[in-house]
Amino acid sequence: MEGDVRNKARASWDMGSLPPVECLRIERSDSPTPDLVEGTEPGAGQQAAMFVHSRSVEDLPAEADEDAESRVEPQPVADGDPGSSETFGTSENGLQVEENIIEVAQAPKESSWAESRTKEEDICSDGWRSHRKHVFVLSEAGKPIYSRYGTEEALSSTMGVMMALVSFVEADKNIIRSIHADGYNVVFLSKSPLVLVAVSQTRQSDKEMIRELQYIYYQIVSLLTLTQLNHIFQAKKNYDLRRLLAGSEHLIDNLLRRLDRDPGLLLSAVTCLPLASSSRDAVSASLQAAKAPSLVFSILMKDQYLHHMDLHLVFNLVCSSSSSFREGEGWTPICLPKFNSAGFFHAHISYLEPASELCLILVSTDREEFFSLSDCKQRFLERLRKRNAYQALKEAVKTPSYSVDLVGIPELRHFLYKSKSSGLFTSPELPGVYQSEEGQERLMGLYQELHSRLHHSTRPLLSIYRCGETENFMAWLTSGFELYLCLTPLVTKMQAVSAVNKLLKWIRKEEDRLFILSPLTY
Amino acid sequence: MSAMRVDTKVVMLGKESVGKTSLVERYVHHRFLVGPYQNTIGAAFVAKPIQVGDKVVTLGIWDTAGSERYEAMSRIYYRGARAAVVCYDLTDSSSFQRARFWVKELQNCEEHCKIYLCGTKNDLVQADRGLRQIDFHDAQDFAEEIGAQLYETSSKTGNNVDELFQRIAEEYSDSAFQYMSNEAGVDLSQKKDSYFYSCCHNN
Ligand SMILES: Nc1nc2c(ncn2[C@@H]2O[C@H](COP(=O)(O)OP(=O)(O)OP(=O)(O)O)[C@@H](O)[C@H]2O)c(=O)[nH]1
Ligand SMILES: [Mg+2]
């Protein structure tokens, strides 16, 4: 198994031979045009489309066609009616069951709160039912594994009903994908040996919900490896997986919270710290110089060379365990399911200094290598200091984001820009109107809606202009990038189009600060 | 920043939420973190120098996660350890069962590792005797049977925590002295123990 891991690692890093940066820069157009090819859009990395390539085959087609090359011709849509999204995602998703889902969520009164979990909640209460999105994970034998709200015990009969639904339709070789009833959306994802279910009152499309369930699935795989997961359930069909997941529920809770707030998870991209390219080069060089033989990759803050899914899982792990790595050094097995779902890597997690925000993650194939990675970190830190890059880095971390005012477009409130080939995105700070928790989730919800319309599996769109009462949106998808603008209301379509062009020019100008143009590999 | 030599490896073992991380936090950083309990993921390492007589001994402490998920991999954390602090929660009898498991595991795989039994959350049973689920004398009998020492600690008040680690360092120091005079050589199989660890958090 160890050997396997290593081979795979090497294979993926072999795509290193690339044209020198200079040639590619010259070939890029000065002002962005709609037909920019993937790889030349502002922020395009030289390591073309690595993330796309490392995608595994087991992905649902729903996710796979997210990156499909062929797209429908441009058909800008003016969408003045925010209520019109009912037409999305209802009919084509498998079988429709006419049933009131509130009934399904009813659980027996006698088995209420018995467990000592903090998220204990009476599942008969209105509060429980009113949560915007419920997520359940169960085994194929119907054993509860995870529930976002309330305890799994109290919910076992609910889970039973879900299992019945799943097996009822599966028996007919017709997998149930979703149920729509009474303002609720129920989406199923069956990934043997697990079944994941989301019950949502949001206007998210089925596809978006499936994508989120996939994240949860991979989070569980990353804790256990797929090999171990399969092995356990082969040996004992009704194994209680909560035994092994004990203590990691909060990882899943956090991931779900991030899914509601972090545009990176929506865009399948990650962001990097804005940094002058000279400083970034110095940091990269220091990282590279400090490598150890077994080192697979290193992440400083948000530098990355990995599948976005795996990276988000690593981030989630680090963010969910804030205090324990602060002053010591963590050494933890982690499975990166998109890289190799069969085995564990070992992650060395440490903060550059106890009081620092900067977290360094070094991932190794060898579980015996803790001390050599610990050494790596020290060497890295020393080099960083020698090159005076540390100061620049510390400064940059103080202002990890930038204000949208820098762009100089008064009617622009916020935007998301993803460069497809590098898998990186950039986005300014949230302006005041969206800074509250609700505001943030509302904005994200609107982006999500636009995202699912652009990426709709049967009727994808290339651009959307949408007027609302509180803000206007412009979304645009090309083969090279994906762009969402949130504008003040009352902006005309003409103004919106000109804002897009100005913004793209600005991103091009800033690209070497906002993106990693030449990622390093080992 | 100074390069620091880790003299000996100490591993914290025990069921989840018995208070291993709290014990290390109290000892190394002299604090007790309140707030929601955060499970340790995998393990965390911290080096701590400690004065023993006129010498300084640096303990390399491995705080492991109690979750069963990591059980299969626990060897990487305790291998080569000279001391193991096997923790149980004085208010939770199931954690004592788990402690027995770790003791057996150590006896089978790490015979040179000294075992320190540690009953945690002493402040709770002192505030309310009814909470105690592990009788002191039962624990002591078990400790004698396995040749271990027994401590009852509280990370909340700090009670007995320094004493526990001080004792570990002293016993290491004594045995290292004996060991040196017996063999006067370097044991290569222990090379991970004498590793130069550059440390930026010595307080
Ligand atoms: N009253 C009291 N509570 C304690 C004491 N030690 C730990 N706790 C509490 O017990 C809980 C678990 O403590 P941790 O130190 O995180 O437990 P752990 O053994 O490291 O758990 P894992 O990392 O999951 O294996 C926390 O809520 C602590 O606040 C103590 O001495 N007294
Ligand atoms: Mg812990």
Side-chain angles (χ1 to χ4, degrees), chain A residues 116 118-119 220 222-225 228 231-232 240-251 253 316-318 320-334 344 346-356 366-375 377-379 381-382 385, chain B residues 1-6 9 12 15-17 20-22 24-25 28-29 31-48 60-77 79-80 92 191-203:
Chain A
S116 61
T118 41
K119 55 184 184 183
I220 294 174
S222 114
L223 290 164
L224 298 170
T225 74
Q228 197 182 337
H231 187 80
I232 290 166
D240 187 353
L241 197 65
R242 283 173 304 167
R243 280 185 61 166
L244 287 185
L245 292 178
S248 45
E249 296 89 354
H250 74 287
L251 280 176
D253 295 345
N316 192 44
L317 179 80
V318 175
S320 308
S321 50
S322 48
S323 60
S324 45
F325 299 126
R326 267 280 139 181
E327 298 179 49
E329 295 164 66
W331 184 236
T332 181
I334 179 172
F344 280 116
H346 287 263
H348 181 277
I349 304 167
S350 63
Y351 286 83
L352 285 188
E353 286 179 321
S356 157
D366 187 347
R367 61 191 193 185
E368 305 291 340
E369 288 293 290
F370 171 82
F371 284 102
S372 69
L373 292 198
S374 179
D375 244 12
K377 176 207 164 179
Q378 287 308 325
R379 284 203 307 271
L381 199 57
E382 275 154 34
R385 289 211 169 100
Chain B
M1 188 161 70
S2 59
M4 209 194 289
R5 196 188 131 109
V6 172
K9 175 169 172 178
M12 314 292 297
K15 193 185 162 180
E16 60 179 89
S17 87
K20 300 176 292 295
T21 303
S22 305
V24 176
E25 277 286 324
V28 178
H29 302 296
R31 64 184 177 202
F32 179 72
L33 299 175
V34 276
Y37 147 61
Q38 291 254 10
N39 307 265
T40 303
I41 293 166
F45 175 83
V46 67
K48 171 77 177 172
I61 304 173
W62 280 94
D63 171 25
T64 68
S67 166
E68 269 187 58
R69 189 167 65 246
Y70 301 104
E71 191 178 301
M73 270 170 284
S74 59
R75 270 219 79 177
I76 64 170
Y77 301 120
R79 196 174 47 215
D92 170 15
K191 75 173 188 291
K192 283 249 156 77
D193 273 4
S194 48
Y195 160 85
F196 279 92
Y197 172 72
S198 6
C199 182
C200 49
H201 37 80
N202 36 333
N203 6 4

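Predicted, not measured: the structure shown is a model, and the values here were computed from it.
Atom CG of A/L223 is separated from atom CD1 of B/I41 by 8.0 Å, given to the nearest 0.5 angstrom. Considering CD of A/E249 and CG of B/N39, their distance stands at 7.5 Å, rounded to 0.5 Å.
Of all heavy-atom pairs between A/P333 and B/G42, the closest is CD-CA, 4.0 Å. Here the closest non-hydrogen pair linking A/W331 and B/Y77 is O-OH, 2.9 Å.
Residues B/Y70 and A/F344 place their aromatic rings such that the two centres sit no closer than 6.0 Å.
Taking 4.0 Å as the cut-off between side-chain N and carboxylate O, A/E368 and B/R79 count as a salt-bridged pair.
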Exercise for review: Take B/R75 and A/R367 through the test side chain to side chain contact (heavy atoms under 4.5 Å, CB included) and record every step on the way to the result.
Suggested key: CA-CA 11 Å; B/R75 270 219 79 177; A/R367 61 191 193 185; over 6 Å; no
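Scored by the side chain to side chain contact (heavy atoms under 4.5 Å, CB included) test, A/S222 finds A/Q219, A/L313, A/I334, A/P337 as partners (sequence neighbours excluded). Residues satisfying the side-chain hydrogen bond (donor to acceptor under 3.5 Å, both in side chains) criterion with A/S248, sequence neighbours excluded, are B/R69.
In this structure, chain A has a heavy atom under 4.5 Å from the side chain of B/E16, while its backbone stays farther away.
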